[in-house]
**Student:** 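Sharing a structure with you now.
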Amino acid sequence: MAEGHSTETTNDSAAASDDVVDEQTDVRLVFRPQQADTLVGLRVRERIKRTGLLLRSVFLALWVGQWLISAVSRGSINVVSTVLFLFVFLVVWGYPRLQAAHVQRIVGWQGEYRATVSPAGITCRSDHSTLIQKWSVFQGYRETAGHFVLLSRDPNIMCLGVLPKRGVPEARDLDRLRAILDRHTTRV
C-alpha cells in the first residue's frame, strides 16, 4: 500500500513540475518576434530546400531574356516591357519580405514570447497561446549569427522555429542551448 502511495505522489509531483524550469538543463528565452527573425528563418529554409530559390531565379531569368529580346528586336526599349520587368523583379525580390510581414502580423500582436528549450522539446508561451513541440517534429537546425532556426521534418519544411539569440539572458546560456540542440537534433 505504501508503494502505491509513493507512486501517486511521484506522478502528482511530475505533473506539478511541468511549469518549473530546470536551471541545469533547460534554457529560457524571452523575446518579441520581429519581422527580421522570420526573414532569417525563410532564408535558411530557402538555402536548404533550394527549390524556391531556383524557381525564382529561372522566372527572373526568363523575364530578363524576354526584356532583352524585345529591346534588341525593336531596336529600342519598350516602356511597358520595362515597367513589367521592374514589377516582376520587385515581386521576386520582395516575396520573402512579404511572407515575413504576413507572419509578423499573425504572431506580433501576441506580445512577448517565453520559450523553454529542454530535453523534452521546446515550449513557447505568450499571453494568448502555448505551443509544445517534441524533438521528433524537427529534422534539424541551423545556427546563424543571431538565430537558431529549427526546421520541421516534413519534405517542404512548412514549419520553422526561430529562436533569436537576443532572447537568451546570459552568453553562457547560448552554449547550453547549442548543446541541447546538438543532443536532440542535428545541424543541417
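The figures that follow rest on heavy atoms only: side chains count, while hydrogens, waters and symmetry mates do not. For this chain, numbers begin at 1 and follow the sequence in order. Please read all numbers here as calculations on a predicted model, not as lab measurements.
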**Student:** Mark yes or no for whether Asn156, through its side chain, and Met158, through its backbone, hold a donor-acceptor pair below 3.5 Å.
**Tutor:**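 No: the side chain of Asn156 does not pair with the backbone of Met158.
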
**Student:** Once the angle between the rings of Phe85 and Trp67 is folded into 0 to 90°, is it parallel (under 30°), tilted (30 to 60°) or perpendicular (over 60°)?
**Tutor:**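 Parallel.
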
**Student:** If the test is side chain to side chain contact (heavy atoms under 4.5 Å, CB included), which one of Val80, Val79, Leu86 qualifies with Val83?
**Tutor:** Val79

**Student:** Dump the intermediate steps for side chain to side chain contact (heavy atoms under 4.5 Å, CB included) on Trp63 and Leu84, then the final yes or no.
**Tutor:** CA-CA 9 Å; Trp63 269 94; Leu84 283 174; 3.8 Å; yes

**Student:** So which heavy atom on Val107 is nearest to which on Pro33, and how close?
**Tutor:** CG2-CB, 4.0 Å

**Student:** Below 4.5 Å, heavy atoms only, C-beta onward: do Phe59 and Arg56 meet side chain to side chain?
**Tutor:** no

**Student:** What pair of heavy atoms forms the shortest contact from Leu163 to Ala115, and how long is it?
**Tutor:**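 Closest approach of Leu163 to Ala115, heavy atoms only: CD2-CB, 4.3 Å.
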
**Student:** Do the side-chain N and O atoms of Tyr113 and Arg125 include a donor-acceptor pair separated by under 3.5 angstrom?
**Tutor:** no

**Student:** Can you name the residues that form a salt bridge (charged side-chain N to carboxylate O under 4.0 Å, His left out) with Asp127, not counting sequence neighbours?
**Tutor:** Arg114

**Student:** Got a second to check how far Lys49's NZ is from Leu55's CG, nearest 0.5 Å?
**Tutor:**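 Going from the NZ atom of Lys49 to the CG atom of Leu55 covers 9.0 Å.
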
**Student:** Could you pull out the closest heavy-atom pair between Arg187 and Asp182, with the gap in Å?
**Tutor:** NE-OD1, 3.3 Å

**Student:** Of all heavy-atom pairs between Ser70 and Ser81, which one has the smallest distance, and what is that distance?
**Tutor:**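 Looking at all heavy atoms of both residues, the shortest contact is OG-OG, 3.7 Å.
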
**Student:** Checking side chain to side chain contact (heavy atoms under 4.5 Å, CB included) for the pair Arg178/Tyr141: CA distance, chi angles, key distance, verdict?
**Tutor:** CA-CA 10 Å; Arg178 195 175 292 112; Tyr141 80 97; 4.0 Å; yes

**Student:** Trp109 vs His128 aromatic rings, parallel, tilted or perpendicular, using cut-offs 30° and 60°?
**Tutor:**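 Correct class here is tilted.
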
**Student:** With rounding to the nearest 0.5 Å, note down the distance linking CG in Leu160 to CZ in Arg142.
**Tutor:** 12.0 Å

**Student:** Do the non-hydrogen side-chain atoms of Phe89 and Val64 ever get within less than 4.5 Å of each other?
**Tutor:** no

**Student:** Look up atom CD1 in Ile122 and atom NE2 in His184, then write down how far apart they are to the nearest 0.5 Å.
**Tutor:** 10.5 Å

**Student:** Give me the atom names and distance for the closest heavy-atom approach of Arg32 to Gly111.
**Tutor:** NH1-CA, 3.1 Å

**Student:** In Å, rounded to the nearest 0.5 Å, how long is the span from SG of Cys159 to CD of Gln139?
**Tutor:** 11.5 Å

**Student:** Side-chain heavy atoms nearer than 4.5 Å, only ILVMFWY residues, links allowed to pass through others: does that put Phe148 and Ile180 together?
**Tutor:** yes

**Student:** Treating Trp135 as the side-chain partner and Thr185 as the backbone partner, does any N or O pair qualify as donor plus acceptor under 3.5 Å?
**Tutor:**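 The answer is no, because no donor-acceptor pair under 3.5 Å joins these two groups.
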
**Student:** Between Thr38 and Gln99, is a side chain to side chain contact (heavy atoms under 4.5 Å, CB included) present by the stated rule, with each step listed?
**Tutor:** CA-CA 8 Å; Thr38 305; Gln99 280 183 303; over 6 Å; no

**Student:** Are Phe31 and Val117 co-members of a hydrophobic cluster defined by side-chain heavy atoms under 4.5 Å apart?
**Tutor:** yes

**Student:** Any chance you could measure Asp173, atom CG, to Asp26, atom CG, to the nearest 0.5 Å?
**Tutor:** 11.0 Å

**Student:** In this structure, would Ile77 and Val88 fall into the same cluster of hydrophobic residues linked by side-chain contacts under 4.5 Å?
**Tutor:**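 Same cluster: Ile77 reaches Val88 through Ile, Leu, Val, Met, Phe, Trp or Tyr contacts under 4.5 Å.
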
**Student:** Which pair of non-hydrogen atoms, one from Arg176 and one from Thr25, has the smallest distance, and what is that distance?
**Tutor:**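 Closest heavy-atom pair between Arg176 and Thr25: NH2-C, 4.0 Å.
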
**Student:** Quick one: CG on Leu150 to CZ on Phe138, what's the gap to the nearest 0.5 Å?
**Tutor:** 5.0 Å

**Student:** What residues form a salt bridge (charged side-chain N to carboxylate O under 4.0 Å, His left out) with Arg172, not counting sequence neighbours?
**Tutor:**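 With neighbours one apart ignored, the set is Glu170.
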
